[in-house]
There are 2 protein chains.
Amino acid sequence: MEAGTVLDLNQLRRSCGSCALHELCLPAGIDRQDMERLDTAVRDKRTLDRGKLLFRQGDAFHALYVVRSGSLKTYVENPAGDAQILGFSLPGEIVGVDALADDRHQCSAEALERTSICELPYSMMQQVTRDVPSLHRQLMRVISREVVAEQSHLVMMGRQQAQERLATFLRSLSERYGRLSRDTATLTLPMSRYDIANYLGLVVETVSRLFGRMEDAGILSVNRKTVRILRPDLLAGLCGNARPLPRGREAG
Amino acid sequence: MEAGTVLDLNQLRRSCGSCALHELCLPAGIDRQDMERLDTAVRDKRTLDRGKLLFRQGDAFHALYVVRSGSLKTYVENPAGDAQILGFSLPGEIVGVDALADDRHQCSAEALERTSICELPYSMMQQVTRDVPSLHRQLMRVISREVVAEQSHLVMMGRQQAQERLATFLRSLSERYGRLSRDTATLTLPMSRYDIANYLGLVVETVSRLFGRMEDAGILSVNRKTVRILRPDLLAGLCGNARPLPRGREAG
DNA sequence: GCGCGCACTTGACCCTGGTCAAGCCGCGCG
DNA sequence: CGCGCGGCTTGACCAGGGTCAAGTGCGCGC
């Protein structure tokens, strides 16, 4: 595509104020004037195609990023070569915070689908957050949310059974879709079964079987990337310490 | 104890500059003048006895805290009543960052032994970090370290076997002891076996057995709270994907 | 339209680590 | 000095979920 021939409106981020996400993102709770200051620190970033990396573990740190549309996965690779997925980032969510510790990214971020990004060059951010206390506060808030999200992930990995993990994952995704004003009952999963399994500390076969059992139990309807939550109440029940759903395919 | 009758020098934090931890803690890399500004934002906090809570999940957020001596565990409790330990905090380490997200502590912090604490009231911190850019940068660095530490914990929970988890835990503890200029080979564990097991996502029996096997393999000598690392090289080997140590108590 | 590949599903089997139960040991207390 | 308790260890057994292998089906290129 030649520059100028096709005009993608999503590409033209005019300002945080005119962005549909501004209530969810860094500008949340910031007044009009301060938001204009924030705008000076935000740069657009080219859209990433599926599978492309936003940054790679070990890269020098230049900027924080916010997902505008699409989604990312962040993961760390260990010396042995296998990865652990740390999280999935939906629109309005920030990535790159781990790089503040020592000016190198500690994880990689990869687009799960065509994804556009706002870039917050850190030098500009520092200046603006210094001048705008409300933005400073809000940045801390957003970073702290990262910490809290990782804590929930840890609880899931440490204390929950496979079935509870998948149920918790689906509920959390549904809730985040809700915040984006999407349908909370129809999830279009941008990540593969392998990614889900890895994120949950399971193997893909286990995830597949659990989807099957939840479908048999009438809680979900699953069709490739599309998961319908038919019984949110029962799904919520599976997040606690419920008994495992039956394994047989027609013993009911 | 009456005020003034017994003078505990550790209780009298004169300033960050005179604190033995200042190279590890918030003041790291900050010049003399800025450190004096920081001092105005730091308050001493009464020492906590073993088992006492610094803050509790759900408490209103007032301050961040830094361990001066002793140690803490942080943990979240789920509705079902059981807890997941998120981490152990040694001197120089910050706690309470998760509360910045929505002004409530998301986890509880409990002293594992007699522990003294520096308190950083957040309103003062905000003011000081605003005036002192180097301190702002350093606070972000310290918070980001929290994120990175949780990421490592996640990798451990998601991808490592029981034996690798315990080995990784011991190595990490040893390394942190080193930073505090303590002996890296002789660990005095302030936490119980139950705490270790919980932190690692295992049960106490498994931890006990693994200590036994590592002792049989000549890697450790274990005596209640005292663990000597006899072969740091072999311990490092167990952190990767090594084969499990033999289970039998004399088949070697 | 056909065939290939990849993502996913399904089944059979097995192993790591959890559960349950008993025993040990160091410590505080009567 | 003996008792009891709590933290820890040890053993026997079991099951949740991992491994291995085969099968299904959608999408894409030719």
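Lettering follows sequence order; numbering is per chain, from 1.
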Heavy-atom nearest nucleotide on DNA chain D for A/G201 versus A/R224: which residue maps closer to 5'?
A/G201
d(CG, B/D195; P, D/dG6) in whole Å:
16 Å
Would you mind classifying the nucleic acid contact of B/S208 as base, sugar-phosphate or nothing, using non-hydrogen atoms under 4.0 angstrom?
base
Considering just the side-chain nitrogens and oxygens of B/Q161, establish if one lies under 4.0 Å of OP1 or OP2 belonging to C/dT16.
no
Could you walk me through whether B/E175 and B/R171 satisfy the salt bridge (charged side-chain N to carboxylate O under 4.0 Å, His left out) test, starting with their C-alpha distance in whole Å, then the side-chain angles of each, then the deciding distance to 0.1 Å, before giving a yes or no?
CA-CA 6 Å; B/E175 191 211 315; B/R171 266 184 30 111; over 6 Å; no
In terms of the nearest nucleotide of DNA chain C, which residue is placed more toward the 5' end: B/P244 or B/R209?
B/P244
Without decimals, in angstroms, what is the distance between A/L202 CG and C/dC8 P?
15 Å
Could you give the CG-to-P distance, from A/N198 to D/dG18, as a whole number of Å?
12 Å
Quick one: is C/dG17 close enough that its OP1 or OP2 comes under 4.0 Å of any side-chain N or O from B/T206?
no
Picking from D/dG11, C/dG18, D/dG7, the nucleotide nearest the side-chain atoms of B/V203 would be C/dG18
With a 4.0 Å cut-off on heavy atoms, is B/E205 in touch with a base, just the backbone sugar-phosphate, or nothing at all?
base
Tell me yes or no: between the side chains of B/T168 and B/Q160, is some donor less than 3.5 Å from an acceptor?
yes
B/S71 versus B/E113, side-chain donor and acceptor atoms under 3.5 Å:
yes
Let me know the distance between CG of B/D216 and C1' of D/dT9, rounded to the nearest Å.
12 Å
Between B/S108 and B/R56, does any side-chain donor sit less than 3.5 Å from a side-chain acceptor?
no
In this structure, how many angstroms lie between the C1' atom of D/dG16 and the CD atom of A/Q160, rounded?
15 Å
Side-chain N,O (A/R193) to OP1/OP2 (C/dT9) below 4.0 Å
yes
Within less than 4.0 Å of OP1 or OP2 of D/dC8, is there a side-chain N or O belonging to B/K225?
yes
